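Okay, structure first, notes after.
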Amino acid sequence: MRATDNSPDVTPADSTGPRNSPGPILEAFDAIGAAGGDPTEIAGKQFQFIMEQIRSNALPFFKELRDDRPILQSPMATLVAQFRDVEEILYREEVFSVSPYLPRMMGVIGPFVLSQDITPSYDRDISVMRLVVRREDLQRVKDIVSRNAARIVGGLFQGSAPVDIVQMLSRKVPVRLADEYFGFSAPRDEQMMAWARACFREFFINLLGDPVVRAPAVAAGAEMRARLDALLAARRASGAEGKDDVMGRLLGLQRAGDVAGLDDDSIRRTLMGLVIGMVETTSQAAVQALLVLFSRPDVLASAMAAAKADDDDALSDLVFEALRFRPINPMVVRVAKEDYSLAAGEPHRTLIRKGTTVFALTWSAMFDPRVLDASEEFRPDRPDYHYLHFATGRHACFGRYISRIQVPQILKPLLKLEGLHAVAPPEYDGTFPETLQVAAHI
């Protein structure tokens with residue numbers, strides 16, 4: 001663990017137009033290749049350079065890409081920086097495959113929908129998820145989240161002493177939702193948190209396939225499956241199969257025989273995928289949105305006013321605009337299944353060869369002035385389609401409707417506190433917020 005803020009830098013870049021020559025960041029990237037040497041070593045160094053820019057110098061780097069090299073081709077990956085091009089990739093599911101995620105999910109939970117291309121298996125699995133996680137449940141989800149968040153905040157803030165809101169609030173509430181709505185609990189909430197973090201790190205962060213990262217995820221997957229086996233057996237033994245939660249609905253579909261192939265493995269895979277995709281993303285989004293609010297006193301005041309007035313729509317707008325400046329994920333990864341001409345008709349049109357790994361830079365896209373007015377200004381009235389927090393297309397985040405409720409509702413009772421402020425920089429476990437000490441006037 002590092003006691004420093006390990007999230008990406010969000011220093012604004014200027015808004016000048018295209019240049020005739022690359023900017024200093026791309027010049028440094030080019031210099032790595034121009035130095036010569038072993039091609040594999042050069043590719044590795046360029047990739048490390050790219051990842052370091054995204055971690056610590058993101059917005060200036062993205063601006064140079066958008067203006068000078070909107071489709072940057074390197075030996076290890078092609079980066080795509082402009083909004084329309086990123087959007088094109090996300091909507092071309094038949095061309096740009098989600099298969100990079102599949103090897104990391106296999107041996108942990110199996111082929112969850114996030115790792116499945118548009119196939120009959122994908123259609124079946126996503127249909128099952130839509131039957132059991134219903135849009136009409138959103139008020140129920142909101143009630144669960146707001147009740148738990150208010151209870152936790154009320155218990156934590158009993159005086160002026162600083163309080164860590166990560167372990168006891170932003171990670172705890174999604175675990176409570178997993179129990180009460182999805183029907184998936186661990187013997188201890190901390191165990192579910194550990195499972196979810198290990199698996200999420202393997203699925204979405206371990207781009208280079210580090211076995212040290214993979215091992216805890218494999219172990220967590222085995223423990224989660226064993227726990228679900230016990231929960232499913234207990235439901236059946238007690239006659240509570242018809243309980244109206246996601247697990248109960250899955251069991252109901254299985255019992256009725258309405259969905260071919262819906263065996264216990266499918267039920268486990270669905271519940272594991274939903275919970276793994278929710279816990280850490282929700283916590284990180286809540287923490288990083290709050291950090292942006294703390295950095296902008298006028299916006300923080302607006303958010304606190306919205307929370308106190310119970311204006312949930314205004315609060316949500318402020319939170320997700322804040323996340324544009326500090327998103328939980330800067331990109332989505334795809335692989336080209338065939339040769340494809342990206343940005344056809346544009347001066348930067350580029351042929352993407354079959355087999356190319358593509359980084360669609362959603363964070364960069366959300367700052368593209370070609371699409372967003374005053375892209376570097378904080379404007380909570382932006383249309384929803386300018387946000388790519390949940391990507392878009394048929395592989396848009398399945399839990400996006402729940403996340404839009406859960407993240408602001410976790411923050412809402414905090415923002416009702418007078419004098420809320422951070423007392424120390426957050427600590428991170430890799431990319432995951434580990435602690436954030438805050439205080440308020442009680």
Side-chain angles (χ1 to χ4, degrees), residues 2 4-10 51 53-59 61-62 86 90 98 101 104 114 145 165-167 169-175 177-178 193 196-207 213 273-295 316-333 359-367 378 382 384 386-392 395-411 425-436:
R2 292 205 293 264
T4 57
D5 185 345
N6 191 42
S7 62
D9 178 72
V10 293
M51 298 308 294
Q53 295 305 311
I54 293 173
R55 281 191 294 268
S56 62
N57 193 37
L59 293 187
F61 178 48
F62 293 155
V86 168
L90 297 178
V98 296
Y101 299 108
R104 298 195 291 277
L114 287 174
V145 172
I165 63 166
V166 178
Q167 301 303 322
L169 178 65
S170 66
R171 297 183 80 198
K172 177 78 76 170
V173 172
V175 170
L177 183 65
M193 294 176 191
R197 177 170 291 186
C199 294
F200 191 91
R201 179 178 275 131
E202 166 65 8
F203 297 168
F204 302 106
I205 300 172
N206 191 20
L207 298 178
V213 175
L274 288 167
V275 172
I276 290 166
M278 174 184 67
V279 174
E280 291 300 341
T281 56
T282 301
S283 174
Q284 188 171 359
V287 170
Q288 294 189 184
L290 186 61
L291 291 171
V292 174
L293 297 181
F294 283 155
S295 72
S316 181
D317 290 344
L318 288 159
V319 165
F320 285 100
E321 173 68 357
L323 275 173
R324 189 173 67 91
F325 288 82
R326 202 165 188 160
I328 63 172
N329 188 22
M331 63 191 177
V332 294
V333 183
F359 291 172
L361 299 172
T362 48
W363 189 5
S364 172
M366 290 191 291
F367 277 82
F378 191 104
R382 297 186 187 278
D384 187 62
H386 282 173
Y387 294 111
L388 294 173
H389 299 305
F390 307 107
T392 192
H395 277 103
C397 174
F398 180 81
R400 59 194 180 278
Y401 301 110
I402 290 176
S403 294
R404 285 182 179 132
I405 289 173
Q406 190 167 199
V407 176
Q409 289 301 311
I410 287 172
L411 294 177
E427 294 181 356
Y428 280 78
D429 172 16
T431 61
F432 301 114
E434 186 70 9
T435 66
L436 176 60

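In what follows, every heavy atom counts, from backbone to side chain, and hydrogens, waters and symmetry copies are set aside. Everything numeric in this text was worked out from a predicted model, so none of it was measured.
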Before you tell me yes or no, could you show the steps for Tyr387 and Glu321 under side chain to side chain contact (heavy atoms under 4.5 Å, CB included), namely the whole-Å CA-CA distance, both residues' side-chain angles and the distance that decides it to 0.1 Å? CA-CA 8 Å; Tyr387 294 111; Glu321 173 68 357; 2.6 Å; yes
Apply salt bridge (charged side-chain N to carboxylate O under 4.0 Å, His left out) to the pair Arg197 and Glu202, showing each step before the final yes or no. CA-CA 9 Å; Arg197 177 170 291 186; Glu202 166 65 8; over 6 Å; no
Mind running salt bridge (charged side-chain N to carboxylate O under 4.0 Å, His left out) on Asp429 and Arg201 for me, showing each step along the way? CA-CA 11 Å; Asp429 172 16; Arg201 179 178 275 131; 3.2 Å; yes
Check against side chain to side chain contact (heavy atoms under 4.5 Å, CB included), Arg400 and His389: CA-CA 9 Å; Arg400 59 194 180 278; His389 299 305; over 6 Å; no
Apply side chain to side chain contact (heavy atoms under 4.5 Å, CB included) to residues Phe204 and Val333 and explain how you reach the verdict. CA-CA 9 Å; Phe204 302 106; Val333 183; over 6 Å; no
Would Glu280 and Gln284 count as a side chain to side chain donor-acceptor pair (under 3.5 Å) if you check the C-alpha gap in whole Å, the side-chain angles of each, and the deciding distance to 0.1 Å? CA-CA 6 Å; Glu280 291 300 341; Gln284 188 171 359; over 6 Å; no
Please assess Met278 against Leu177 for the test side chain to side chain contact (heavy atoms under 4.5 Å, CB included), listing each intermediate value before the final yes or no. CA-CA 10 Å; Met278 174 184 67; Leu177 183 65; 3.7 Å; yes
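A pairwise comparison of heavy atoms in Ala322 and Val292 identifies O-CG2, 3.5 Å as the closest pair. In terms of heavy-atom proximity, Met366 sits nearest to His386 at CG-O, 3.7 Å. Listed here is the closest heavy atom pair of Asn329 and Thr362: O-OG1, 3.8 Å. Taking all atoms of both residues into account, the shortest heavy-atom contact from Tyr428 to Pro433 is CD2-N, 3.7 Å. Considering every non-hydrogen atom in both Pro174 and Ile410, the closest pair reads CD-CD1, 4.2 Å. The two residues His395 and Leu114 have their closest heavy-atom pair at CD2-O, 4.3 Å.
Ring planes of Phe432 and Phe200: perpendicular class, angle over 60° (limits at 30 and 60°). A perpendicular orientation is assigned to the rings of Phe367 and Phe325, their planes being inclined by more than 60° (bins at 30° and 60°).
Of the inter-residue distances, the one linking Leu318 atom CG with Leu411 atom CG reads 11.0 Å to the nearest 0.5 angstrom. A distance of 11.0 Å separates CG of Leu388 from CG of Leu361, quoted to the nearest 0.5 Å. Atom OG1 of Thr281 sits about 5.0 Å away from atom CD1 of Ile328, to the nearest 0.5 Å. In this structure, the separation between CG on Leu323 and CG on Leu291 is 10.0 Å, given to the nearest 0.5 Å.
With contacts defined as side-chain heavy-atom distances shorter than 4.5 Å, the pair Val213/Ile205 does not qualify. The shortest distance between side-chain heavy atoms of Ile165 and Ser170 does not fall below 4.5 Å. Side-chain contact between Gln167 and Lys172 is absent, with no heavy-atom pair separated by less than 4.5 Å. When side chains are defined from C-beta on, Phe390 does not count as touching Tyr401, because their heavy atoms never get closer than 4.5 Å. Proximity of Val173 to Thr282: side-chain heavy atoms (C-beta onward) are nowhere separated by under 4.5 Å. Residues Arg104 and Asn206 have side chains in contact (heavy-atom distance under 4.5 Å, counting atoms from C-beta outward).
At least one donor-acceptor pair closer than 3.5 Å links the side chain of Trp363 to the backbone N or O of Arg324. Judged by distance alone, with hydrogens and angles left aside, the side-chain atoms of Ser283 form no donor-acceptor pair with the main-chain N or O of Val279 at under 3.5 Å. Not a single donor-acceptor pair under 3.5 Å links the side chain of Gln406 to the backbone N or O of Val145.
Taking the ring centroids of Tyr101 and Phe203, they lie at or beyond the 6.0 Å cut-off.
In this structure, the side chain to side chain donor-acceptor pair (under 3.5 Å) partners of Gln53, at least two apart in sequence or on a different chain, are Asn57.
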